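Some notes on the structure that comes next.
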Amino acid sequence: MEASEKRLAGPQAEDEQIASLTYSILTFGCQMNYSDSERVAAVLEKTGYRRAPDDRPADLVIFNTCSIRQKGEDRVYGLLENFQALKAVNPRLLVGLTGCMVRQTSTRNSPPEKKDPLLKNLRAIDFVFRINDSHILPSVLAEAEPRLEMAGEPEFAQPGTETDYLQIEPHYSSTFQAFVPVQIGCDKYCTYCIVPYSRGREKSRPLEEIVAECRRLVEKGCLEINLVGQTVNSYGLSQLDSQSRHFDWYHQPRAVEKTTRELPFIRLLRELDKLSALGLSRLRYSSSHPRDFGRELVALHAELPTLCPHLHLPLQAGDDAVLARMNRKYTYAQFREKIADFRRAVPGAAVTTDLIVGFCGETDEQFENTVRALEELRFDQVFLARYSQRPGTVAARSFPDDVPREVKAQRWHRLNDVLRRVSLEQNRQYAGRTLEVLVERHHPTSGEVEGRSRENKLVQFPGGAELIGTLQSVEITDALEWLLRGNIQGQDK
Ligand code: SAM
Ligand code: SF4
Ligand code: F3S
């Protein structure tokens with residue numbers, strides 16, 4: 001049997017030998033999950049699996065899940081019902097779950113006390129694994145399906161610490177842009193949020209490891225790197241990082257650290273900016289937490305050529321009492337000042353945010369403060385969410401989810417209407433300007449391509465598939481609510 005060959009062993013499967021088993025990964029949630037899926041894909045490829053062609057059902061389907069809102073979990077449950085039916089037709093199909101819904105790596109064959117509750121409740125799934133256990137996925141698969149003959153010993157070291165799985169070299173989905181995780185988990189404990197429970201405590205990846213991954217990417221032609229984490233600007237500053245040997249500045253007396261040491265995230269960005277000599281064009285990061293967003297980072301935006309003129313800074317609510325109940329630990333006035341500082345230092349930059357409507361106890365008046373904040377701060381784009389109670393969070397334990405569903409919906413629509421107007425007004429400022437666009441995809445039916453400007457604006461213009469992965473100067477002719485349109489400079493329609 002070839003190294004990449006696998007088969008199902010056992011009398012009933014003898015004649016089912018196939019050249020290679022195929023996989024597909026369904027990814028939900030944030031950029032971190034998209035990046036994690038690229039690592040899971042790498043492990044599967046190393047174990048001999050191949051990505052299933054779009055027109056063929058896969059032998060192994062992995063759901064990389066998100067728990068941020070109930071709706072996301074319900075979507076997974078709904079899809080799994082279909083998989084239950086598919087498994088009745090194809091008993092060879094294996095289904096696994098990872099991501100934020102999973103608590104304990106286990107299979108149907110694990111002893112009851114070691115089984116994740118999902119395996120008890122959902123019959124369609126064969127195994128679950130914590131994303132930090134991605135290294136051991138091959139042995140989880142072998143336990144889930146003993147008839148599966150592995151092609152050989154997988155070459156992944158057993159994980160030592162929680163960030164070690166990030167050492168897996170990803171199977172990147174793009175050659176010209178990449179998500180690179182800088183930290184996992186979160187220590188902020190916003191009262192509504194599941195992330196500190198689903199992803200665990202905040203812990204940063206060693207700086208050298210991040211720089212090495214980025215260097216490899218840039219050497220292979222990557223033009224844009226997006227550093228991802230829940231609160232990237234607290235990179236290297238968490239309590240767990242302070243115990244880590246990777247961050248020697250932590251052992252400096254505070255006074256020394258303050259005067260002579262750069263914040264770890266600032267140092268990381270400076271190191272990565274040097275990769276422009278090898279061809280890196282754009283550096284982005286998301287998300288920042290307003291509490292850790294300071295003047296050093298603002299100044300760096302004005303200084304580093306690769307750092308894109310775009311800031312995603314989640315506000316969540318424009319009312320101080322709601323912010324306090326959310327445990328965000330800043331006031332609206334403090335947030336407004338940070339945005340003003342940023343806009344002064346980086347003229348023409350875009351600013352985007354996240355807002356939640358209908359959080360516990362939110363009154364009409366408090367909601368109106370959020371509407372006013374959107375009007376005043378003129379965000380270019382907003383991710384609007386209706387509050388969804390998450391079991392296990394402080395809010396779920398301590399505050400009643402008392403804003404009725406219809407009121408949440410009304411508030412969401414009201415805010416969305418304001419956003420559409422504000423976003424159109426912001427976009428109109430780009431008409432007549434020339435933006436640099438990194439082309440991401442081609443729409444054969446319209447004969448157009450689309451990509452993002454350095455400000456993270458979505459731009460569409462006439463062009464062919466050969467432009468994918470290139471930087472183009474585009475003259476903006478039209479501004480729509482969520483989109484800019486134009487033509488390549490010098491090429492009129
Ligand atoms: N770490 C980022 C921050 O604090 O700014 C946000 C990351 S979180 C994964 C993405 C967004 O999901 C949050 O900014 C928030 O708007 C939204 N979110 C989190 N928990 C939520 C909940 N229980 N209900 C509704 N939206 C929620
Ligand atoms: Fe969740 Fe708050 Fe952490 Fe963001 S900062 S991931 S909203 S707990
Ligand atoms: Fe969702 Fe987990 Fe990200 S809960 S938003 S996938 S960190």
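Predicted model, so just to flag it, every value in this text is computed and none were measured. Counting starts at 1 for both ligands and their atoms, following the listed order.
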For atom 7 (S) of ligand 2, what is the closest protein heavy atom, and at what distance to 0.1 Å?
Y192 OH, 3.3 Å
Q389, portion touching ligand 1 at heavy-atom distance under 4.0 Å
neither
Among all protein heavy atoms in this structure, tell me which lies nearest to atom 2 (Fe) of ligand 2, with the distance rounded to 0.1 Å.
C190 SG, 2.3 Å
Any N/O of S388 closer than 3.5 Å to an N/O of ligand 1?
yes
Test item: L166 and I184 side chains (from C-beta on) under 4.5 Å apart, heavy atoms
yes
Mark up the atoms of ligand 3 that fall under 4.0 Å of a heavy atom belonging to Q230, in ascending order.
7 (S)
Hey, is Q31 one of the residues with a heavy atom under 4.0 angstrom from ligand 3?
no
Name the closest protein heavy atom to atom 10 (C) of ligand 1, giving the residue it belongs to and the distance to 0.1 Å.
D354 OD2, 3.8 Å
Taking atom 27 (C) of ligand 1 as the point of reference, which of V232, T231, L355, I356 owns the nearest heavy atom?
I356
What's the shortest distance from atom 19 (C) of ligand 1 to any protein heavy atom, and which residue and atom give it?
I68 CG1, 3.4 Å
Give the ring-plane orientation class for F83 versus F63, where under 30° counts as parallel, over 60° as perpendicular and anything between as tilted.
perpendicular
Hey, does S67 sit under 4.0 Å from ligand 3 if you only count heavy atoms?
yes
L137 pairs by side-chain contact (heavy atoms from CB on, under 4.5 Å) with which of T47, V43, T105, T98?
V43
Residue portion contacting ligand 1 (non-hydrogen atoms closer than 4.0 Å) for R386
backbone
Looking only at protein heavy atoms, identify the closest one to atom 15 (C) of ligand 1 and say how far it is in Å.
Q316 OE1, 3.5 Å
Heavy-atom distances under 4.0 Å decide this one: backbone, side chain, both or neither, for C186 against ligand 2?
side chain
Inspect the contact between R414 and E368 and indicate whether a charged nitrogen and a carboxylate oxygen are less than 4.0 angstrom apart.
yes
At under 4.0 Å between heavy atoms, which part of S287 makes contact with ligand 2: side chain, backbone, both or neither?
neither
Among protein heavy atoms, which lies nearest atom 1 (Fe) of ligand 2, and at what distance?
C193 SG, 2.3 Å
Where is the nearest protein heavy atom to atom 1 (Fe) of ligand 3: which residue, which atom, and how far?
C66 SG, 2.4 Å
Considering only non-hydrogen protein atoms, determine which one is nearest to atom 6 (S) of ligand 2 and report residue, atom name and distance to 0.1 Å.
Q230 OE1, 3.5 Å
Contact region, Q230 to ligand 1, non-hydrogen atoms below 4.0 Å, reads both
Could you walk me through whether D341 and R344 pass the salt bridge (Lys or Arg N to Asp or Glu O under 4.0 Å) check?
CA-CA 5 Å; D341 278 351; R344 258 193 304 275; 2.7 Å; yes
Give the contacting part of R199 toward ligand 3: side chain, backbone, both or neither, where contact means a heavy-atom distance below 4.0 Å.
side chain
So which heavy atom in the protein is nearest atom 4 (Fe) of ligand 2, and how far is it from that ligand atom?
R328 NH1, 4.3 Å
Measuring to atom 1 (Fe) of ligand 3, does C100 have an N/O/S atom at a distance below 2.8 Å?
no
Salt bridge (Lys or Arg N to Asp or Glu O under 4.0 Å) evaluation trace for R39 with D36:
CA-CA 5 Å; R39 284 178 164 79; D36 284 342; 5.4 Å; no
Protein contact to atom 17 (C) of ligand 1 [nearest heavy atom, distance to 0.1 Å]
R69 NH1, 4.0 Å
Honestly, for R328 the part within reach of ligand 1 (heavy atoms, under 4.0 Å) is side chain
Atom 3 (Fe) of ligand 3: closest protein heavy atom, distance to 0.1 Å, is C30 SG, 2.3 Å
Nearest heavy atom to atom 6 (S) of ligand 3: which of N33, I194, V195 does it belong to?
N33
